[in-house]
Amino acid sequence: MAFTQSPPALANQYLDDRLLRSLLRRVLPPSMLHEIESDLTEFGERVASEFYPAQLADYAFNPELVHFDAFGNRIDRITLSAFWQKAGSIAAQSGLIAAGYDPKFQQHARLHQFALAYLFHPSSELFSCPLAMTDGAARCLLASGNQTLIERAVPRLTSRDPAQFWLSGQWMTETSGGSDVSGSETTAKQDERGRWRLYGRKWFASAITADIALTLARPEGNPQGADGLALFYVEPRKADGRFRNIEIDRLKDKLGTRKLPTAEIRLLGTPAELVGESQHGVRAIAPMLNVTRLWNAVCATGFLRRALALARDYATRRVVFGIPLIDQPLHQNTLADLQAELEGCFHLTFYVAELLGKSEQAEADESSGQLLRLLTPVAKLTTAKVAVAGVSEAIECFGGAGYVEDSGLPTLLRDAQVLPIWEGTTNVLALDVLKVLRQNGGLQPFLTAIRGLTAQVSLAELEPVVKQVRETTTAVAEWIQKRSSTKQELQAGARGLALTLGRTLALALLARHADWSFRAEHDPRPMNAARRYARIGVNRLSESSPSEARMLSSDIYA
Ligand code: MFK
């Protein structure tokens with residue numbers, strides 16, 4: 001009998017996750033952890049032994065759109081994967097949205113929710129996308145103060161009852177652009193009964209099967225530009241399931257996220273409700289963007305964790321040149337770098353989740369809101385970039401097997417590639433970070449956070465790490481100061497700046513957690529992760545010259 005290699009296997013994804021479990025032990029009140037831990041354990045088991053194998057078996061499925069029935073009636077019916085058909089019920093029952101709004105756990109509710117999301121996402125076939133939008137829509141409607149819509153939709157968006165639960169979409173992107181929405185062409189007109197109706201074309205309507213959507217449109221008579229857009233609420237379907245004056249042109253044929261039905265749609269007088277004012281729609285939808293961006297970071301971290309869990313398990317099964325991979329120094333070094341990067345992403349993401357939870361409490365102070373505003377794009381862009389590179393590296397750990405579709409591994413890489421793109425590309429978010437630094441307290445909230453974190457670290461072994469955090473923070477402040485009058489140079493270096501903020505904060509968080517882990521639990525692994533992350537480096541500030549970049553980017557000498 002010829003040799004066959006045993007494939008990688010997943011253990012219980014909660015019990016197997018040292019990072020998540022130790023974070024929850026450090027942060028949550030013991031009574032809360034006791035209350036939620038059996039659910040997390042059960043969910044971690046379902047992820048590994050129920051969702052993951054079923055999705056591997058269904059890897060080749062793509063959603064299908066049928067435009068017409070046998071008699072020529074327009075139906076625009078979409079067939080979803082087997083998992084997608086039941087994922088809404090799983091999400092509702094498991095509290096994937098509801099947990100974040102549970103008043104019982106106050107500021108910790110978000111940690112509970114994002115722990116569930118982090119476990120769920122890599123075995124969700126990107127059902128995490130509509131969940132992110134659902135969470136974002138709930139937050140956005142609550143922020144709008146529109147009581148009618150809040151009462152109508154929020155109890156459903158946050159429901160634990162599958163029969164009540166609603167999902168939301170977020171239709172922003174048009175053929176004119178996704179990063180810059182100022183050229184949006186969708187118009188809103190009031191009909192003879194005063195009802196708003198939308199006319200236009202939305203170009204990337206993710207999760208088109210969702211029950212509601214928040215979207216931007218330009219009320220008739222409003223000026224051109226982004227400020228002339230307003231935020232609208234849509235219930236796209238009638239009670240019988242047919243679309244309300246909406247036609248689906250086609251589903252996108254995408255690099256990844258293939259189970260997620262992303263559509264090009266036409267709004268042909270679709271009834272809609274104005275959410276707030278009849279302009280400033282970008283400002284109005286921003287709470288949704290911020291929540292989905294945090295979900296993006298959670299999902300990036302979840303993908304990285306999944307890729308590493310599979311690669312680590314495989315390394316124990318795979319023998320090469322007479323030695324298991326896991327015992328080979330170079331392979332150990334590769335996995336160790338990935339682990340350090342994962343730990344950095346993890347602590348950065350969950351720190352922002354904690355901030356979101358605090359900011360949603362009645363007594364929230366202004367400075368934690370400012371820090372949250374700065375760190376949301378920073379965490380999104382930092383983790384997304386690491387996820388793509390890290391998942392690619394983890395797939396390489398399988399050699400040729402990682403390049404074969406029915407191993408399930410190529411899907412991970414294709415799916416990860418969406419993370420730096422949607423919800424704001426790396427560059428768009430880096431420019432957003434510059435705007436925040438200009439308008440929202442400058443670097444001060446960041447400096448205060450770094451000071452607070454490093455003050456909690458006193459182990460001698462971590463001194464060099466803390467020194468590196470402080471020195472890089474000083475370098476950031478000097479870098480900004482030096483360029484404060486040259487917009488071009490600031491913009492050209494914005495990505496390096498944002499990544500340095502993300503990585504420096506991640507290092508400070510790693511050090512803080514390492515100090516606690518060593519003292520409270522005698523666990524040296526977080527300390528080693530912090531030191532390795534420090535060696536990989538956190539300073540990504542660039543000295544790039546705009547004139548050199550102009551010449552090389554266009555490759556023109558003139
Ligand atoms: C797996 C998890 C992920 C799930 C993803 C779900 C998939 C969804 C698919 C999609 O829909 S992807 C498309 C998402 N689109 C984007 O993320 C847009 C990316 N572009 C930007 O973010 C641009 O920066 C932006 C459109 C916001 C630029 O537009 P403007 O008009 O130049 O905005 P400006 O002037 O920066 O901001 C307008 C107002 O909004 C300002 O307030 P004021 O009017 O009071 O001055 C800003 O402060 C405010 N604002 C903008 N971004 C904000 C914000 N406020 C809070 N938070 C923000 N993030």
Side-chain angles (χ1 to χ4, degrees), residues 96 114 117-118 120-122 124-137 139-140 143 167-174 176-184 202-208 210 213-216 224-229 231 252 254 256-257 260-263 276-277 279-303 349 356 359 369-370 372-381 383-384 387 415-440 494:
L96 273 148
F114 285 117
Y118 164 74
F120 184 57
H121 160 73
S124 77
E125 294 182 347
L126 266 294
F127 199 79
S128 43
C129 167
L131 292 179
M133 297 189 291
T134 300
D135 191 352
R139 174 59 35 220
C140 193
L167 289 171
S168 178
Q170 168 193 350
W171 306 339
M172 283 181 76
T173 303
E174 301 196 1
S176 55
S179 298
D180 172 6
V181 294
S182 61
S184 296
K202 294 289 175 182
W203 191 235
F204 265 93
S206 292
I208 189 56
L214 296 186
T215 189
L216 298 178
Q224 292 305 303
D227 270 355
L229 296 169
L231 178 61
K252 294 283 191 194
K254 295 166 291 178
T257 70
L260 165 65
T262 306
E277 23 169 4
Q279 52 186 348
H280 303 303
V282 172
R283 188 200 299 162
I285 204 169
M288 182 170 203
L289 296 180
N290 290 333
V291 168
T292 51
R293 286 169 184 174
L294 176 54
W295 270 81
N296 206 88
V298 170
C299 295
T301 310
F303 265 152
T349 297
L356 176 65
S359 77
Q370 286 180 331
L372 177 67
R373 174 70 184 93
L374 174 67
L375 294 185
T376 302
V378 163
K380 193 274 189 186
L381 69 87
T383 55
D415 288 352
Q417 182 61 65
V418 81
L419 298 167
I421 296 175
W422 67 8
E423 291 306 313
T425 62
T426 308
N427 283 357
V428 167
L429 291 187
L431 295 175
D432 185 50
V433 168
L434 279 189
K435 277 190 207 169
V436 179
L437 288 173
R438 212 168 41 239
Q439 297 166 355
N440 210 27

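Order of appearance sets the numbers: ligands from 1, and atoms from 1 within every ligand.
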> Pro122 and Gly302: which non-hydrogen atoms are nearest, and at how many Å?
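Minimum heavy-atom separation between Pro122 and Gly302: CG-O, 3.3 Å.
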
> Which residue owns the protein heavy atom closest to atom 34 (P) of ligand 1, what's the atom, and how far is it?
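It is Lys435 NZ, 3.6 Å.
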
> Can you tell me the protein heavy atom closest to atom 10 (C) of ligand 1 and the distance?
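Scanning the protein heavy atoms, the shortest distance from atom 10 (C) of ligand 1 goes to Glu423 OE2, 3.5 Å.
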
> Using a 4.0 Å cut-off to any heavy atom of Gln170, which atoms of ligand 1 qualify?
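The atoms of ligand 1 under 4.0 Å from a heavy atom of Gln170 are 8 (C), 11 (O), 14 (C).
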
> Would you check whether His280 reaches within less than 4.0 Å of ligand 1, judged by its heavy atoms?
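His280: no contact with ligand 1 (<4.0 Å).
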
> Taking ring pair (Phe, Tyr, Trp, His ring centres under 6.0 Å) as the test, write out the residues that go with Trp295, two or more places apart.
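Checked Trp295 against ring pair (Phe, Tyr, Trp, His ring centres under 6.0 Å); matches are Phe114.
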
> Would you say ligand 1 has an N or O under 3.5 Å from any N or O of Arg283?
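In this structure, Arg283 places an N or O atom under 3.5 Å from an N or O of ligand 1.
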
> At a 4.0 Å threshold, what atoms of ligand 1 neighbour a non-hydrogen atom of Gly178?
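It comes down to these atoms of ligand 1: 15 (N), 18 (C), 19 (C).
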
> In terms of atom number and element, which parts of ligand 1 are under 4.0 angstrom from non-hydrogen atoms of Arg373?
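Heavy-atom distances to Arg373 below 4.0 Å select 52 (N), 53 (C), 54 (C), 55 (N), 56 (C), 57 (N), 58 (C), 59 (N).
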
> I need the nearest protein heavy-atom contact for atom 13 (C) of ligand 1: residue, atom name and distance, please.
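Of every protein heavy atom, Thr173 OG1, 3.8 Å lies nearest to atom 13 (C) of ligand 1.
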
> For Lys254 and Thr262, what are the C-alpha separation, side-chain angles and deciding distance, and is it a side-chain hydrogen bond (donor to acceptor under 3.5 Å, both in side chains)?
CA-CA 9 Å; Lys254 295 166 291 178; Thr262 306; 2.7 Å; yes

> Which heavy atom of Leu419 sits nearest to which heavy atom of Asn296, and what is that distance?
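What the structure gives for the nearest pair is O-ND2, 3.0 Å.
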
> Using the side chain to side chain contact (heavy atoms under 4.5 Å, CB included) criterion, which residues pair with Ser182? Sequence neighbours excluded.
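With neighbours one apart ignored, the set is Asp180, Ala226.
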
> Specify whether the nearest protein heavy atom to atom 53 (C) of ligand 1 is under 4.0 angstrom away.
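Yes; the ligand atom in question has protein heavy-atom contact below 4.0 Å.
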
> For Cys299, take its heavy atoms, then give the atoms of ligand 1 lying under 4.0 Å from any of them.
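Here the atoms of ligand 1 in question are 1 (C).
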
> Looking at ligand 1, would Trp422 count as a contact under a 4.0 Å heavy-atom criterion?
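Right, Trp422 reaches ligand 1.
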
> Compute the shortest N/O to N/O distance between Gln439 and ligand 1 and return yes if it is under 3.5 Å, no if not.
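Not met; the criterion fails.
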
> With a 4.5 Å heavy-atom cut-off, do Lys202 and Met172 have their side chains touching?
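Not touching, per the 4.5 Å side-chain cut-off.
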
> Heavy atoms only: which of Arg293, Met288, Met133 lies closest to atom 19 (C) of ligand 1?
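Considering heavy atoms of Arg293, Met288, Met133, the nearest to atom 19 (C) of ligand 1 sits in Arg293.
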
> Run Lys380 and Glu423 through salt bridge (Lys or Arg N to Asp or Glu O under 4.0 Å) and show every step you take.
CA-CA 9 Å; Lys380 193 274 189 186; Glu423 291 306 313; over 6 Å; no

> Short N/O distance, under 3.5 Å, between Gly424 and ligand 1?
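Yes; at least one N/O pair falls below 3.5 Å.
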
> Can you name the nearest heavy-atom pair linking Leu214 to Leu231, along with the distance?
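Minimum heavy-atom contact is CB-CD1, 4.1 Å.
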
> Please work out which of Ala132, Ser179, Ala226 has its closest non-hydrogen atom nearest to atom 26 (C) of ligand 1.
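Nearest heavy atom to atom 26 (C) of ligand 1 lies in Ser179.
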
> Might you point out which heavy atoms bring Cys129 and Ser206 nearest each other, and give the distance in Å?
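So the minimum-distance heavy-atom pair works out to SG-CB, 3.9 Å.
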
> If only side-chain N and O atoms count, and only distance matters, is there a donor-acceptor pair under 3.5 Å linking Thr349 with Thr301?
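A donor-acceptor contact under 3.5 Å links the two side chains.
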
> Go through it in stages, so that I can follow the logic: the residues are Gln370 and Gln439, the test is side-chain hydrogen bond (donor to acceptor under 3.5 Å, both in side chains), and I'd like the CA-CA distance, side-chain angles, deciding distance and then a yes or no.
CA-CA 10 Å; Gln370 286 180 331; Gln439 297 166 355; over 6 Å; no

> Please report whether atom 57 (N) of ligand 1 has a protein non-hydrogen atom at a separation of less than 4.0 Å.
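Flag for atom 57 (N) of ligand 1 set to true, protein heavy atom closer than 4.0 Å.
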
> If hydrogens are left out, which of Val282, Leu260, Asn290 has an atom nearest to atom 29 (O) of ligand 1, that is, the closest non-hydrogen atom?
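Shortest heavy-atom distance from atom 29 (O) of ligand 1: Val282.
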
> Do Arg293 and Leu429 touch side chain to side chain, with heavy atoms closer than 4.5 Å?
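Heavy-atom side-chain distance check passes, below 4.5 Å.
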
> Closer than 4.0 angstrom: is that true for some heavy atom of Ser182 and an atom of ligand 1?
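Contact check Ser182 vs ligand 1: negative.
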
> Is there a nitrogen or oxygen of Asn296 sitting under 3.5 Å from a nitrogen or oxygen of ligand 1?
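Between Asn296 and ligand 1 (N or O atoms, distance only) the closest approach is not under 3.5 Å.
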
> Heavy-atom distance from atom 47 (C) of ligand 1 to the protein below 4.0 Å?
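Neighbour list for atom 47 (C) of ligand 1 is empty of protein heavy atoms (cut-off 4.0 Å).
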
